[in-house]
4 protein chains.
Amino acid sequence: MTTAYLYHEAFAWHDSGTAAPLLPSDPRAGLQPFQHLDSPDTKRRIHELVVVSGLADHLDRLPSDLASERQVLAVHDEAYLHRLRQASDGSGGDAGDGISPLGRGGFEILLRAAGGAVAVVSAVAEGRARNGYALVRPSGHHALANTGMGMAYLNNVAIAVTEVRARPGIGRVAVLDWDAHHGNGTQAIFAEDPSVLTISLHQDNVFPPGSGSIDERGQGAGLGSAINVPLPAGTGDGGYAYAMERVVVPALHRFGPDLIVVASGLDANAMDPLARQLLSSGGFRSLTKTLMQTAETLCSGRIAMIHEGGYAAGYVPFCGLAILEELASRTTVPDPYLGLVQGFGGQDLQPHQRAAVDRAAAAADL
Amino acid sequence: MTTAYLYHEAFAWHDSGTAAPLLPSDPRAGLQPFQHLDSPDTKRRIHELVVVSGLADHLDRLPSDLASERQVLAVHDEAYLHRLRQASDGSGGDAGDGISPLGRGGFEILLRAAGGAVAVVSAVAEGRARNGYALVRPSGHHALANTGMGMAYLNNVAIAVTEVRARPGIGRVAVLDWDAHHGNGTQAIFAEDPSVLTISLHQDNVFPPGSGSIDERGQGAGLGSAINVPLPAGTGDGGYAYAMERVVVPALHRFGPDLIVVASGLDANAMDPLARQLLSSGGFRSLTKTLMQTAETLCSGRIAMIHEGGYAAGYVPFCGLAILEELASRTTVPDPYLGLVQGFGGQDLQPHQRAAVDRAAAAADL
Amino acid sequence: MTTAYLYHEAFAWHDSGTAAPLLPSDPRAGLQPFQHLDSPDTKRRIHELVVVSGLADHLDRLPSDLASERQVLAVHDEAYLHRLRQASDGSGGDAGDGISPLGRGGFEILLRAAGGAVAVVSAVAEGRARNGYALVRPSGHHALANTGMGMAYLNNVAIAVTEVRARPGIGRVAVLDWDAHHGNGTQAIFAEDPSVLTISLHQDNVFPPGSGSIDERGQGAGLGSAINVPLPAGTGDGGYAYAMERVVVPALHRFGPDLIVVASGLDANAMDPLARQLLSSGGFRSLTKTLMQTAETLCSGRIAMIHEGGYAAGYVPFCGLAILEELASRTTVPDPYLGLVQGFGGQDLQPHQRAAVDRAAAAADL
Amino acid sequence: MTTAYLYHEAFAWHDSGTAAPLLPSDPRAGLQPFQHLDSPDTKRRIHELVVVSGLADHLDRLPSDLASERQVLAVHDEAYLHRLRQASDGSGGDAGDGISPLGRGGFEILLRAAGGAVAVVSAVAEGRARNGYALVRPSGHHALANTGMGMAYLNNVAIAVTEVRARPGIGRVAVLDWDAHHGNGTQAIFAEDPSVLTISLHQDNVFPPGSGSIDERGQGAGLGSAINVPLPAGTGDGGYAYAMERVVVPALHRFGPDLIVVASGLDANAMDPLARQLLSSGGFRSLTKTLMQTAETLCSGRIAMIHEGGYAAGYVPFCGLAILEELASRTTVPDPYLGLVQGFGGQDLQPHQRAAVDRAAAAADL
Ligand SMILES: [Zn+2]
Ligand SMILES: [Zn+2]
Ligand SMILES: [Zn+2]
Ligand SMILES: [Zn+2]
């Protein structure tokens, strides 16, 4: 069986404006117009490497469609959608927190990103692909039902998970979010739903500020179905591997998913401007390998990854390629930075990282 | 007395090529042509903020000249200089390690960067300015006597220090390097010289690989005149403040400099792609303040800063502005990212950071 | 006496947004987000060449100030100013025609551009400089009293001319606009004023559409004080020289100015994306030379140039340098493209160009 | 039958270096490092518009392969190929004239561009597609058998034509080159071959300097099989239409091709920095339409277009889309600049343009 892959050129057309580099430019405030850190390059360069390396020839590239209004409204408020559409029909606007710009005519791109997530998750859920990767833009995991935040507009993962939950045989879905920032939106949307487990590995208290502590465990009927693993700034391949082994894998075994969805932000890479982690492409490769083995045991290998953040335009392509190579069980060009990055001080598990992971495990009764 | 400031538009003309983003582009290796991380923006945007904020009106902008051949040859080999000049006269080349590109016609820019360092250090040494900042490009602190490395070509700091050492009253010079990478070149050049103290605060084992451990303490007559403080990845304002208090300030008091020179790389900022530290502009401000107080006590406030690395084009301007504001005892526009960055998890001193600093202090008998 | 020169780093901070490349981006309309053709590079690179070439060392760089409200209101409506200020205080907006974007916090930059024009024109008018060049951004010559248009907001030339007209000895001012587009705003503002002569050399009917025909000659008391020379697309050094000889110089002699102000757009250069003319840097040099000789005869050499358009970021620097070299009677680096551009077919005067110029001359009774 | 379309992401990886913007950067010569005018954007943005507009859904996207050594050597010298390969294996170099940079690892991209031309021309020649467009990069029409020039390396058109000439039923091929620059390479390669007609419509004497006059008519047995139509700078939709009607169509009828290949440079568009023509997307659409009608009559509609130049990254996408829409007999998004550009003065046929075309017709006995 194949590895599904979805990318559409329109994703590069999402207009993040002349931010400087996160806040909107404003000369009076010293904010010189610049290119937003969430530039098209950060995603397009992944796609181009997937093609130029030759890996794309061994993937099943899915056609891209817009998510339907029904699919989006299953997660988001009608009023919020209306606001987004109005901004898009006008001269653009912000999706809620002042750092989530939406350009004129950008609404359909949001639907296309959500639709891309639905397509890949569906393909995996329905057995048309062994696993898959939706390289969508913009990202979604910070978006709440009624607002965008953190350059996320529609919660692509939540929309796709909600969609496939209606399908036979997909009663229980686990969402693993390895983006460097807290997957707050996805967690909130499924907070009371015991049949969706959300696990977020993230750098401790970066974004949203104050979000993602080990005490956030879900609510009501969903208590225990949210797990947070805040990792100290500077955590590398070793620390992430330990978090997988000590928290993620046991939690997945306890939960017993029919499908694993990954909110695959790559901003925990060792050169990212928006996080301080140390992951090499080899680290991402290992995370993927571990997850594939677990999925093999638990749910016939069903893993669907949806792209989230990742802002090191020069290095994320190699991280994305490593993940896709693992999913497709092939290798192409080696990461030329791998030796350098793996040699960085602190790549192996540090005692204070172990302690942080252990605290997260304990909070989750693992 | 005034704060000297030097910037020349030619610094933005140093050609770092179409790197991807550090290694030269090479499609066969998956390295799509891109903009080098050491782009002109990373320095020019500092300068433009210094001007647009109005701070420049309160600085004494020094004229820029090329360093003389004599000044450069006091530090570097003639053969190395010859190689650089040949690359510059031809179609460009690399300064030694394969990641230090020099463009056609770029040699004079190297001399101008070194000359800028000489000008500011001289102005401070001769009492024409209270303190000063040379915003030069390219950087210099990795460069050895006979080779460039790490995007450094001529060791601007070493050239300037060597030049002023000939002047009356400047017998002892302390060099503090707070660039996120080890100041290996400067350390090596002064390794046997007991009258130049080099202290490097850097992220543990990033670049050069394996360099900058606490065991590197100088050689021969210079034994003890080199101090290294490798800080764990993820160190923030608190950890750096502790390193200042526990190592830098006592070491300066013990050494008793006539002049303090700072190799002022800003790549320990919280958004830098080439390091994993957490410093806010407030952190850089505090480091500057502490150093100024120490310099007041020890050497009539004489501090000359020479710019080194710093690759977060959107955030380094605010860090550079904060340092310059402190030097000039003025404030202009506040850093709009300050609250966000100061709130990042781990900004305060962490136990493992304290331990690392204490080990460095012990190794330096402090 | 000296050549005054004014540039301020804030000019590069004017935010022209993610246009594609003139209309605001809009994916539904096929307009992929991109960099506006009026990017900071088109002006900043002129300035940097002026500095790096060494010419700046021989210019008198004037300090930059904001134009006062009184100066601006002498030309523009209060209501229009209010609209600009509101857009700037909000999240930005458009100055009137949908292709004149103004970014948040951009209002002061408009005042600074106008103030730069005032400073240079004043220096020349008051005899503090022999001649001068204000390298301002954004441009102004399309702006009318009550609206912006064509990426022009405040009519910098009109504001400066109006300001110096109050000074003794500057009763009559001639404005020569050699921007490739019609100087419609300046013409309209002075249409009824017989003491201000406006001459526009421009590519026939490009922008504003339908504007700048030979029939537009001023109105009322100002009838005859506006002259238009629409030049066919493809006009080069020869055609422009003939327009100077046949129209501009005789018109200036007839008018007898106390001061000549040039609206110095460089977009008639041979590589400009927004016009189709063929001027080499040598062509601009000759225009300047001719004008200086005329000014010597008529008004003690008093020429003040205010920058307008010019969008070939790679070639406008050499055109601007040539003009400034002439003004300062010095040469620095030669234009490396000069031979290529001068060799382009059609650089010499063509019969249909001669006819067009003759028609313009006849319409102006010259 | 379908319209074949070929684009490969590797085309954007051709490394044109930090030119300024055509000559290699060199600060001593005033050449500030910049982006080469032949940037990836100029082609990638066409492709992305073809996809985002939805047109791609109606095209038959062909797989991309490298041209074989045999195919390339049928046109180019082995020694030249060796030089290119050596530059690519080393740190890059120039293909011959100092303005044709080749990056490290770039050789395969050249083969892929040639292979793309072969694929589309073959598909049309063999009747697998009605017509087709190969959106390749870098371009080829300036390249001679033994050297590159003008940012052209391998003559993609000549390689493809030579390849299909071996196929049954393709005895006679007409090459129409509507790039704004002279198709000197293609003309030279087929100069003595009476079975390949080359027609070049180009701006009079731009590049190569002195090349492309009406006197260049082929040599020996090929005398008369080369036709040149040098058009004055500033020629627009009307002038090009007249050149088609007066020269191209009659020449094609006289020649009687089995296949028409277009060297489809788009740099005669009205915003191109490297030419001074005025074509709107509507003009390109009309040229295509006229050619399709002619091809219908003469050779069952067989037209294969190979992309050449075009440097207005903001406008070439709409020109390319218009051509592809015509080939595929569909429309998608309208060109939002069309009205503006069609209104430019001089879009209709001018007398001096008519005369130039008539001279070309006479020289070709038409
Ligand atoms: Zn993230
Ligand atoms: Zn550094
Ligand atoms: Zn203009
Ligand atoms: Zn061309």
Side-chain angles (χ1 to χ4, degrees), chain B residues 8-36 38-44 64 66 84-85 87-113 137-138 153, chain D residues 8-36 38-44 64 66 84-85 87-113 137-138 153:
Chain B
H8 192 274
E9 279 71 7
F11 296 147
W13 293 38
H14 167 62
D15 189 358
S16 39
T18 51
L22 287 177
L23 292 168
S25 70
D26 184 350
R28 292 167 312 188
L31 290 158
Q32 179 177 1
F34 202 52
Q35 188 185 43
H36 199 293
D38 179 14
S39 83
D41 286 325
T42 60
K43 311 295 181 276
R44 183 159 46 197
S64 153
L66 306 194
L84 290 175
R85 198 177 264 129
S88 171
D89 287 346
S91 57
D94 188 90
D97 62 350
I99 58 164
S100 302
L102 180 66
R104 171 171 172 74
F107 184 69
E108 281 75 12
I109 301 174
L110 307 184
L111 295 181
R112 191 177 287 282
R137 178 170 179 268
Y153 306 81
Chain D
H8 192 275
E9 280 71 6
F11 296 148
W13 293 38
H14 168 62
D15 189 359
S16 39
T18 51
L22 287 177
L23 293 168
S25 70
D26 183 352
R28 292 168 311 188
L31 290 159
Q32 180 177 1
F34 201 52
Q35 189 185 42
H36 199 292
D38 180 15
S39 83
D41 286 325
T42 60
K43 310 297 181 275
R44 184 159 46 196
S64 153
L66 306 193
L84 290 175
R85 198 177 263 128
S88 170
D89 287 346
S91 57
D94 187 273
D97 62 350
I99 59 165
S100 302
L102 180 66
R104 172 171 172 75
F107 184 69
E108 282 76 12
I109 301 173
L110 307 183
L111 295 181
R112 191 177 288 281
R137 179 170 178 267
Y153 306 80

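In this text, all values refer to a predicted model and were calculated from it rather than measured experimentally. Naming: A, B, ... by sequence-line order, numbering from 1 per chain.
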What part of [X] gets within 4.5 angstrom of chain B, counting heavy atoms only: side chain, backbone, both, or neither?
X: D:P24; value: neither
X: D:E108; value: side chain
X: D:L31; value: backbone
X: D:S25; value: both

Completion exercise
On a heavy-atom basis, the closest approach of D:I109 and B:P27 is CD1-CG, 3.8 Å

Practice task
Would you name the heavy atoms of D:W13 and B:P33 that are closest together and state the gap between them?
Solution key: O-CG, 3.2 Å

Practice task
Flag the pair D:D89 / B:R28 as yes when at least one side-chain heavy-atom distance between them is below 4.5 Å, and no otherwise.
Solution key: yes

Handout entry: Interatomic spacing from CG in B:D26 to OG in D:S88 - rounded to 0.5 Å
Key =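 The distance works out to 7.5 Å.
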
Problem - Rounded distance (nearest 0.5 Å) linking atom CG of B:D15 with atom CZ of D:F34 - result: 12.5 Å

